[in-house]
Number of protein chains: 2
Amino acid sequence: MRASSVNQIILKTLEQDQSHLTAQQIYGRIRDNLPAVNQSTVYRALERLAHAGQVSVSDMGLGAAVYEAVGGEQHHHLVCQECNQVITIDDAAIQALFNDIERQHDFQVVTNHLILFGRCSACRERMPE
Amino acid sequence: MRASSVNQIILKTLEQDQSHLTAQQIYGRIRDNLPAVNQSTVYRALERLAHAGQVSVSDMGLGAAVYEAVGGEQHHHLVCQECNQVITIDDAAIQALFNDIERQHDFQVVTNHLILFGRCSACRERMPE
DNA sequence: AATTATAATGCAATAATTTGCAGTTGCAAT
DNA sequence: ATTGCAACTGCAAATTATTGCATTATAATT
């Protein structure tokens, strides 16, 4: 396998699929076309892409991390610990925080997919503390 | 083993140790006193404690997640992807964001230890994009 | 105290992820 | 072309984390 065309293939795979894919799912889809790609190659390519800010990695509290191509508009998620509901929130507030951090700490945030765990309104009503 | 005294033992272990411990390290320390505790019990106890907001779980980009007792003052971290430097930041800005989210989405954030990846100032100078 | 329900545990199997190391590949400079 | 170096890959082993199921413990109820 030609070195690092894997990056491109993974990116294309993620772009076709809008939803969050696990490393194993990505591995599976790539295998369909290129049987001769190893698992750790996929993990390492994903790591490179995440590092470069081209894909996001998120632990949504499922067994496995999920990956996604970073497109124009970012989004983030609130995950309810009780009912597992996933709420998508837009980037404005988060970007503002990141800008603050960048100014205060001179630190360029690359994290591009934030997952915040907690309790949704329905679950709070259903079972108040 | 008396059910769920494990919770207390883990909490005590984490409180004694200020630093971030991995599940394996916690497992190791508990074994010293209580050989008859299983790995999955430790993982499950940590999960419970995290869910209850008593300990924080963070993937700092090392191989394993790290756990910490949640004390009075929260803190969060910026982790440089290049040099692995860990910058500790205080809670104020983050809490403000969480409050916003709580107001806008009626969602109570439990996440209590945020890790943001990016590039520290030194590395940005050393290797500008 | 006996009875039920609910939650916690151990164990073993499985899944997900990481790592070490040797071998390839791509690329730039001879 | 050849050399040298850094990045990428495959493979296998090791680590880290999760899960299913039978058993045991705790708690609540009668």
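Computed from a predicted structure; not experimentally measured.
Side-chain atoms of A:Thr13 come within 3.5 Å of backbone atoms of A:Ile9 as a donor-acceptor pair (strictly under, hydrogens ignored). Between the side chain of A:Thr111 and the backbone N or O of B:Phe117, at least one donor-acceptor pair lies under 3.5 Å. Side chain of A:Glu125 to main chain of A:Ala122: no donor-acceptor pair is present (N/O by atom type, distance under 3.5 Å, no hydrogens or angles).
Closest to the B:Ala64 side chain, of the nucleotides C:dT17, C:dG10, D:dT16, is D:dT16. For B:Ser40, taking side-chain heavy atoms from C-beta onward, the closest of the listed nucleotides C:dA16, D:dT19, D:dC11 is D:dT19.
In this structure, B:Arg44 atom CZ and D:dA17 atom P are separated by 15 Å, rounded to whole Å. To the nearest angstrom, C1' of D:dT15 lies 10 Å from CD of B:Gln39. Per the geometry, CD belonging to B:Gln24 stands 16 Å off P belonging to C:dT17, to the nearest Å. Atom P of nucleotide C:dA8 and atom CG of B:Leu49 are separated by 11 Å, given to the nearest angstrom. Taking atom NE2 of B:His51 as the reference point, atom C1' of C:dA8 lies 16 Å away to the nearest angstrom.
Counting any heavy atom pair closer than 4.0 Å across all strands shown, A:Ala45 reaches no nucleic acid atom. At a threshold of 4.0 angstrom between heavy atoms, the contacts of B:Thr22 with the nucleic acid are absent.
Close to C:dG10, at under 4.0 Å from its OP1 or OP2, lies a side-chain N or O of B:Thr41. A close approach under 4.0 Å does not occur between any side-chain nitrogen or oxygen of A:Tyr43 and OP1 or OP2 of C:dT18.
Looking at B:Gln95 and B:Asp91, their side chains do bring a donor and an acceptor atom within 3.5 Å of each other.
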